[in-house]
Amino acid sequence: MTLARTRLVAGLATSILAILPLTAAAQPAWSQSQAVTVKESPLAAAFAKASAAHDVPRDLLVALAYAETHLDGHQGEPSASNGYGVMHLVSNPTHHSLEKAAELTGLSADKLKTDDEANVLGGAAVLRALADKLGLDEAARKDAGRWYPAVAQYGNASSPELARLYADAVYEQLGLGIDARGVQVRPQEITADRGEYADARDLNARAGKQAGEPADGPVAVASADYPPAAWVPASTSNYRVSSRETSYNIDRVVIHVTQGSYAGTISWFQNPSAQVSAHYVVKSSNGAITQMVRDKDVAWHAGNSTYNNRSIGIEHEGWVSDPSWFTDAMYRASAALTRYLCDKYGIPKTRTGIIGHNEVPGATHTDPGSHWNWTTYMNYVTGDGGTPTWTTTVDNATAGQFTASANWGTSTYSSQRHGADYRFADPVAASDPAWYSATIPSAGTYRIEVWYPADAGYNSSAPYIVATSSGNQTVYVDQRSGGGAWRSIGTFSLNAGTYNVVGVSRWTSGTGLVIADAVRISR
């Protein structure tokens with residue numbers, strides 16, 4: 001069967017969903033605690049208040065804050081780009097959302113910096129002002145997907161591709177759900193209307209065009225020094241052109257923490273006023289890597305000219321004080337990069353050759369901090385523990401382990417596919433999932449990754465069902481971007497035995513074809 005490239009009208013799907021109940025197989029599971037009425041936390045109350053005051057979707061406001069800070073105000077301490085509070089209100093030479101929030105709310109800058117409730121209110125006011133400027137009327141404001149351009153602008157990105165990267169991270173959180181600091185957002189189906197940003201390069205995608213892929217369309221540019229990374233150059237005002245290893249030997253890797261978000265850090269390094277940079281930036285949630293300064297050039301990251309000359313700097317998304325940013329995906333991806341650099345430049349794979357920013361002579365910074373797990377990281381760098389203790393990959397063509405009804409077609413259209421082909425189906429208001437079966441060796445926590453080819457005609461909220469030990473849990477993935485690579489959808493508690501572990505449901509109000517390609521389960 002050939003692939004019919006069609007799109008479903010969102011309004012039709014939504015109207016059908018409104019009158020048909022979800023089946024048990026497709027219904028997102030949530031913690032039992034949510035079934036019990038509990039007193040709302042102060043931060044949750046702040047989001048509800050700000051949402052009502054400025055007519056901003058509450059869950060979108062939470063997702064934006066989570067993407068920026070994991071809902072941590074950091075006691076009023078600024079980020080690397082001088083952003084403050086849960087909503088990361090910025091005050092630097094080129095961006096002034098803090099001052100804008102003060103103007104809109106009548107609250108002082110000091111209060112906006114240090115008071116969570118005020119900060120959330122200020123962030124909501126700024127986001128609403130951006131929506132008003134874009135012409136979102138009262139009806140449009142009720143649809144979280146229509147806020148995408150306003151969210152993209154809130155991030156103060158230096159280019160359309162970074163604005164898309166920023167906004168995609170926010171909408172990704174709506175699909176995955178949030179449970180942090182007394183604030184909860186259930187996983188949900190949202191069709192993000194990217195508008196003009198749909199044509200921007202997708203920095204979440206596999207870098208570079210592959211043989212057989214269409215020549216047109218946005219795509220990430222591959223790094224010349226480390227091919228798995230995307231290439232986004234820093235401002236030439238933030239590093240020094242050099243000819244290493246002719247001018248200087250490279251004998252150190254320096255580990256940093258960004259004190260900010262992935263997209264925000266990339267944008268800051270492109271800002272000429274930053275006067276800082278690093279060679280690489282690593283994303284928390286999935287370990288994606290962007291190179292910003294060529295290995296041969298001298299990035300300004302160590303605060304010590306001698307160490308700048310001799311080292312490569314790797315920034316990691318997050319905050320020194322918050323261990324929730326330091327994911328296994330980040331450790332593994334960064335360690336693979338460091339291992340590659342050590343092999344390439346003859347750097348010893350020891351804590352002499354691989355150091356923290358705080359270990360640079362004269363350093364005033366404390367990163368990567370006490371929450372950084374050096375034992376785990378170095379084990380991954382050296383290969384001692386860098387490989388999962390158990391892993392299995394199930395493709396749609398794996399005999400006896402993939403089942404789908406005749407409603408699922410087969411396609412070879414995209415060369416981003418895993419294996420020879422992949423499966424596709426129209427979204428419908430009925431449970432007709434494609435299932436991946438696996439034999440789980442023992443009860444425990446496992447990481448689930450999914451592989452799909454990305455295309456503008458694929459589903460904006462594809463539901464992945466995971467059969468956990470406490471019931472089915474569903475996360476929603478935007479299959480229009482980030483394809484052609486393994487993408488983590490989280491860690492889950494699984495029972496031992498042979499059973500359908502992961503499903504791809506057709507029951508979604510998202511638009512576009514639902515894709516089922518491959519899954520990987522690791523422990």
Side-chain angles (χ1 to χ4, degrees), residues 68 78-83 88 90-97 155-166 201 203 207 220-226 229-245 247-248 250 252-283 288-320 334 337-338 341 355-358 360-368:
E68 283 278 18
S79 70
S81 57
N82 222 44
H88 198 246
V90 177
S91 176
N92 64 42
T94 54
H95 301 298
H96 305 283
S97 58
N156 299 314
S158 54
S159 66
E161 64 197 30
L162 288 176
R164 172 173 172 162
L165 183 70
Y166 177 89
R201 285 193 302 156
L203 297 177
V221 176
S223 155
D225 293 318
Y226 185 60
W231 167 249
V232 177
S235 167
T236 54
S237 298
N238 296 334
Y239 69 92
R240 188 175 82 253
V241 175
S242 185
S243 56
R244 302 189 307 176
E245 291 204 287
S247 54
Y248 306 99
I250 299 172
R252 294 286 191 282
V253 172
V254 181
I255 303 299
H256 301 264
V257 174
T258 60
Q259 298 296 91
S261 69
Y262 181 65
T265 299
I266 296 170
S267 185
W268 183 237
F269 288 168
Q270 287 198 313
N271 189 322
S273 67
Q275 296 293 289
V276 293
S277 63
H279 293 89
Y280 298 90
V281 186
V282 186
K283 189 176 181 181
I289 299 174
T290 294
Q291 183 178 16
M292 302 200 67
V293 177
R294 290 291 306 273
D295 289 0
K296 73 177 186 64
D297 296 328
V298 177
W300 299 339
H301 62 96
N304 177 311
S305 60
T306 300
Y307 272 69
N308 282 340
N309 290 339
R310 68 193 298 183
S311 66
I312 288 177
I314 305 177
E315 287 277 6
H316 298 81
E317 181 185 28
W319 295 75
V320 169
S334 175
L337 168 61
T338 294
L341 295 171
I355 64 173
H357 188 182
N358 61 321
V360 172
T364 58
H365 289 237
T366 61
D367 55 317

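Just so we're clear, the structure is a prediction, and the values are computed from it rather than from any experiment. Side chains are part of it too, since the values below use all heavy atoms of this structure and drop only hydrogens, waters and symmetry mates.
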Looking only at non-hydrogen atoms, find the nearest pair between [X] and [Y] and report the distance.
| X | Y | value |
| --- | --- | --- |
| Ala157 | Ser267 | CA-OG, 3.4 Å |
| Val293 | Ala234 | CG2-CB, 4.1 Å |
| Pro78 | Asn82 | CB-OD1, 3.5 Å |
| Asn304 | Pro361 | ND2-O, 3.1 Å |
| Tyr280 | Leu337 | CG-CD2, 3.6 Å |
| Pro233 | Gln270 | O-NE2, 3.0 Å |

Measure the spacing between [atom1] of [X] and [atom2] of [Y] and express it to the nearest 0.5 Å.
| X | Y | atom1 | atom2 | result |
| --- | --- | --- | --- | --- |
| Thr265 | Phe269 | OG1 | CZ | 6.0 Å |
| Trp319 | Asp367 | CH2 | CG | 12.0 Å |
| Tyr226 | Thr338 | OH | OG1 | 8.5 Å |
| Thr290 | Glu315 | OG1 | CD | 12.5 Å |
| His301 | His365 | NE2 | NE2 | 12.0 Å |
| Ser243 | Lys296 | OG | NZ | 7.5 Å |

State which residues pass side-chain hydrogen bond (donor to acceptor under 3.5 Å, both in side chains) with His316; sequence neighbours excluded, sorted by chain then number.
Ser334

Tell me if a side-chain donor or acceptor on [X] pairs with a main-chain N or O of [Y] at a distance below 3.5 Å.
| X | Y | result |
| --- | --- | --- |
| Asn308 | Ala302 | yes |
| Ser223 | Trp231 | no |
| Gln259 | Ala80 | no |
| Glu317 | Thr258 | no |

What verdict does the side chain to side chain contact (heavy atoms under 4.5 Å, CB included) test give for Trp268 and Asn238, after you've listed the backbone C-alpha separation in whole Å, the side-chain angles of each residue and the deciding distance to 0.1 Å?
CA-CA 10 Å; Trp268 183 237; Asn238 296 334; over 6 Å; no

Are Arg164 and Tyr166 in a cation-pi setup, meaning NZ or CZ lies under 6.0 angstrom from the ring centre and within 45 degrees of the ring axis?
no

Can you tell me if Asn271 and Ser273 form a side-chain donor-acceptor pair at under 3.5 Å?
yes

Asp295/Arg244 ion pair, N-O < 4.0 Å:
no

List the steps and the verdict of side chain to side chain contact (heavy atoms under 4.5 Å, CB included) for Arg201 and Ser159.
CA-CA 10 Å; Arg201 285 193 302 156; Ser159 66; over 6 Å; no

